[in-house]
Amino acid sequence: MSAAEAEQVLSGVTPASRPELQSLAEAIDELRSVAAEAPAPVASASLNAFFDALGSPSLSATGDATAASSSTAGAPALVGARSALRRGVRRVMEWISGLGLVSKIALGAGVLVLGAGGVGAAGALPGPVQSAFDTVISTVTGTWMTSLI
């Protein structure tokens with residue numbers, strides 16, 4: 001699969017030269033549309049307190065960014081944690097940038113599968129996709145459980 005074909009599939013479009021990817025492109029398109037319709041999560045009070053301590057904008061109940069209004073007494077301890085997190089993220093990004101195209105596609109596909117698996121486990125996939133997911137999981141776990149007995 002070329003990079004252009006991968007981009008088309010991830011955009012929900014079937015590449016003209018790869019009609020066998022139609023169901024994958026349609027599934028990705030449907031996942032995107034369902035995700036766009038879902039309500040945005042609301043930040044908890046503890047998350048807003050964390051952002052306030054960092055001196056960053058917090059999130060209101062509507063999800064809009066608001067100015068930090070509480071004390072920043074805990075900020076010095078959090079600054080060190082934030083810089084360590086940034087170093088870790090930078091290391092991961094450098095590692096990913098060193099991968100070849102095929103490895104990046106495989107990594108992206110793995111992340112997509114894990115994300116879809118989590119959404120499927122939560123029962124939040126679109127109707128027919130959730131039904132197929134449940135069938136696959138039932139088949140795999142039934143076979144796996146049978147082999148253990």
Ignoring hydrogens, what is the shortest heavy-atom contact between [X] and [Y]? Give both atom names and the distance.
X	Y	value
D29	G12	CB-CA, 3.9 Å
K104	S97	NZ-O, 3.8 Å
P128	E30	CD-OE2, 4.4 Å

Distance, nearest 0.5 Å, that separates [atom1] of [X] from [atom2] of [Y]:
X	Y	atom1	atom2	answer
S131	L125	OG	CG	10.5 Å
I105	L99	CD1	CG	11.5 Å
L10	I28	CG	CD1	5.0 Å
S138	F133	OG	CZ	9.5 Å

Following the transitive rule for hydrophobic clusters with a side-chain heavy-atom cut-off under 4.5 Å over Ile, Leu, Val, Met, Phe, Trp and Tyr, establish whether [X] and [Y] coincide in one cluster.
X	Y	value
V102	L107	no
V13	L112	no
L101	I96	no

Which residues share a side chain to side chain contact (heavy atoms under 4.5 Å, CB included) with V89, sequence neighbours left out: L85, M93

Listed once per pair and sorted, the salt bridge (Lys or Arg N to Asp or Glu O under 4.0 Å) pairs that draw on residues 4-13, sequence neighbours left out: E5-R18

Side chain to side chain contact (heavy atoms under 4.5 Å, CB included) assessment of T14 paired with Q8: CA-CA 6 Å; T14 305; Q8 285 180 317; over 6 Å; no

